[in-house]
Amino acid sequence: MLPEHKQKSIYEAIVYASNQGLSKNEILEVVDLSLPKVLHDDVTKMVHNLDVSNNHTLLKFNDLQQLFCYIFNLVNQGDSDEDILNKLSNSCNLEQFEFAKFALRYITINRIPSVWELDNVYNELINLDISELVKRCEAIKNLQNKQVAYRIILQHFYNAFCDGEPIKWFTDIARSTQDETIIKYCDRVAVMISKAQGCEPSKVLAESEGSIEDVQVSTTESGKLIVDTLAEFKIAAEYIDAECGPTFNRIKIKLGKGVSFKKIQDFGNDFVQQLGLELNMDTSPMVSVIPGGAAIDVPRRDREIVYFKNYVDFSEPIDIHNIVIPGGVGVDGQYVDIPLSDENVTHILGGGRTRGGKSQFEKAAILYLARRYPASVVQLALSDVKRVTFSKFSKLPHLIAPVAKDAASSAELFSLLVQHMEARYREFEKVGCETIAEFNRKHYPELIMPRIASFTDECFDLLTDKDYCDSIELDMMKLLAKAGGAGIDIMLYTQRPDKNVINPLIRSNFPAKTAFATTRPEDSCIILGDDNTLAANLLGYGDFLYKTSTKLVRLQALYVGDAEEPKYFEQLLEEAINQEDNYTAWEPNDIKEFSCSGIGGKAFLNNGFDIEVNLDEQSKNSILNLHAKGYAINEIIKLIFNLTRQDGKDYKKYRSAVENFLDNEGNK
């Protein structure tokens, strides 16, 4: 028997020869001439594991290590990712192909290139101008090759610094890229230039932006301007301090004795008229009460985008007793999450106008829940009558039912949630507890009752549908009344808040609100309640108010950027779909399952009753043939019924039917 390291070397040589177009016989001739007779039998077996036809190599991989080595060789040869996956698509079973995709990504990023390859990368990049160089650097995946690009970029920066380029030259580069390393290089050079000129970095940066009209007035000066302007209107106030958030600067002032807050609350249009040019205000700023004073939120000229990937952390161990969704970043720069397990949250009513940031907030919440928690800990119920907001989440294993895409299927989805709620309370009665928190503390880690997070993207269309609005509203009120204790969280969103559509009974049962920028003050009142018109003063694009019974804070929502960075978004989705799930989830066994009628998905119900899977003769013969060839159960179900684990309970039913059939065949 050959030692393992020799087997590996010989196998790699055989694979390389096959990829160069040599046939089996040609490879065997080389083996016969080159290797000792004692090795011929072992090596001949390796060669026969290659099935070559039409100059395309189909490989039979005995283990994943062998597959990894093969992929590594193809990457070293310079094959593209697409070519490698095409070669493997007909050679691997489903599990091997999934492993191959992860292995390819890992090898592409982490392998150590040869000196020759590094020299080639250097020669390709060294003569590029800085803008093209930065673009090429962003596209490089391999870490070692990326370091070559970084060294060349640093050389460009050093030369520019020596040539006396202004700070604006570097800030323009920083704005043109999302590569954090390049941005940090630009920041460091900006600081070096400002120190060399004996100025504060922020002042030099402001001067580099252009004319005096474009310079951002400092927060202290803004505060003094506001106080002086109020004095001209006979309103006594003094400046306290200011905070600088990603979206706005919060100027804090203390009103004079006897001055009512109402006076500056109604001063909004006068702020625009008096200070609009100096403070970059074209709409009334948000004015709010703070302990010991009042706050005036002045928009920033250089508004920051708060990227999802910069704030979420998937590396920490999960806490199944504290399920959270991303909130946003406050004026103090601190990230705030929203705990669904908190009794002050439970259900969330939200809304805002087009381009207010509502859909991005929902996507961030769903993506975070799916990637952070396995399906045994968190499940999802999604309603999307626009058909485009949640379509990318349709393959998640967390879904208790396919994404509902019209009023009919949404009505079924809410009915299903009510059934889940009632089933959970029956279970609570049986085991002697009152809430999901008690149940999970009692049974963890042996068993977990998962939370169900339900997101409805446009409730206005559902609550105005003449055929289904009554049933949806009735089920919604049932859920809002008692689903929170059962671990079912209702998140209801709309672009068109209407007091005649979202009735007061529904609104009052939402303990938490997320109000994005609204077109009218009246819309803000419907979402936030208490005649609160503050959402009408928000800036849009993720600027929102998060309200519970204990607090009201203004946050900048996280930006997922699924259209701008589709690879990052798809990577997180793939990780969510394939993540390891080590928990056992409690499942109800006495509810009707979801019918996909009306949304074009796979049917889970037939006239409201569970499908009994009956295998026909053709299916049985196919199952036996594939089983005899060594196919796994999941592969058989995928090939015959086109179902995967992501199809949830439908998949489980067919798997159970196939397993029972094979067991019965084995006992004959």
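Everything numeric here is computed off the predicted structure, so don't read it as measured data.
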Atom [atom1] of residue position [X] - does it have more than 12 heavy atoms of other residues, nucleotides or ligands inside 6.0 Å?
X	atom1	value
Glu343	CD	no
Phe68	CZ	yes
Lys184	NZ	no
Glu138	CD	yes
Lys141	NZ	no
Tyr106	OH	no
Arg105	CZ	yes

So, the side chain of [X] versus the backbone of [Y]: is there a donor-acceptor pair under 3.5 Å, distance only?
X	Y	result
Ser524	Asn532	yes
Glu458	Phe460	yes
Glu635	Ala632	yes
Tyr425	Lys482	yes
Thr456	Cys459	no
Ser656	Lys653	no
Gln579	Glu574	no
Tyr583	Ala375	no
Lys146	Ile140	yes
His398	Tyr373	yes

Look at the rings of [X] and [Y] and say which category their plane angle falls in: under 30° parallel, 30 to 60° tilted, over 60° perpendicular.
X	Y	answer
Trp586	Phe439	perpendicular
Phe308	Tyr368	perpendicular
Phe510	His347	perpendicular

Answer yes or no on whether [X] is positioned over the face of [Y], meaning its NZ or CZ is under 6.0 Å from the six-membered ring centre and within 45° of the axis.
X	Y	result
Arg300	Phe248	no
Lys551	Tyr546	no
Lys363	Phe390	no

Once you round to the nearest 0.5 Å, how far does [atom1] of [X] lie from [atom2] of [Y]?
X	Y	atom1	atom2	value
Ile502	Met476	CD1	CE	8.5 Å
Ile636	Arg655	CD1	CZ	9.5 Å
Asp475	Gln419	CG	CD	9.0 Å
Leu528	Leu534	CG	CG	7.0 Å
Met477	Ile506	CE	CD1	6.0 Å
Ile436	Glu427	CD1	CD	11.5 Å

Report yes or no: do [X] and [Y] form a side-chain donor-acceptor pair below 3.5 Å?
X	Y	result
Tyr150	Asp179	yes
Thr550	Asn344	no
Asp562	Gln360	yes

query = For Leu413 and Ala381, which heavy atoms make the closest approach, and how far apart are they?
reply = CD1-CB, 4.0 Å
request  = Identify the two heavy atoms, one from Leu558 and one from Gly328, that lie closest to each other, and give their separation to 0.1 Å.
outcome  = CD2-CA, 4.4 Å
If you define the side chain from C-beta out and look only at heavy atoms, does anything of [X] sit under 4.5 Å from [Y]?
X	Y	answer
Met286	Leu545	yes
Arg250	Cys244	no
Leu104	Thr108	yes
Asp457	Ser359	yes

message = If the threshold is 4.0 Å, N to carboxylate O, is there a salt bridge linking Lys309 and Glu565?
response = yes
inquiry  = Applying side-chain hydrogen bond (donor to acceptor under 3.5 Å, both in side chains) to Thr514 and Tyr493, what does each step give before you reach the verdict?
reply    = CA-CA 9 Å; Thr514 53; Tyr493 285 86; 2.9 Å; yes
task = For the pair Tyr444 and His321, evaluate ring-ring contact (aromatic ring centres under 6.0 Å, His included) and give the outcome as yes or no after the intermediate values.
result = CA-CA 10 Å; Tyr444 176 81; His321 305 292; 5.4 Å; yes
query = Would Thr247 and Asp543 satisfy side-chain hydrogen bond (donor to acceptor under 3.5 Å, both in side chains), going step by step from the backbone distance to the final call?
reply = CA-CA 7 Å; Thr247 307; Asp543 182 22; 5.0 Å; no
request  = Please assess Gln556 against Arg303 for the test side-chain hydrogen bond (donor to acceptor under 3.5 Å, both in side chains), listing each intermediate value before the final yes or no.
outcome  = CA-CA 10 Å; Gln556 177 63 39; Arg303 179 173 176 174; 3.0 Å; yes
message = Pair Ile182, Cys137 - check side chain to side chain contact (heavy atoms under 4.5 Å, CB included), show working.
response = CA-CA 9 Å; Ile182 298 174; Cys137 180; 4.1 Å; yes
key: Audit row: Met449, Phe428, side chain to side chain contact (heavy atoms under 4.5 Å, CB included) steps and yes/no   = CA-CA 11 Å; Met449 182 177 286; Phe428 294 162; 3.6 Å; yes
key: Val658 vs Phe641, side chain to side chain contact (heavy atoms under 4.5 Å, CB included): CA-CA, chis, key distance, verdict   = CA-CA 11 Å; Val658 171; Phe641 304 108; 4.0 Å; yes
inquiry  = So if I apply the side-chain contact (heavy atoms from CB on, under 4.5 Å) rule between Phe455 and each of Asp489, Ile348, Ile366, Asp384, which one comes out positive?
reply    = Ile366
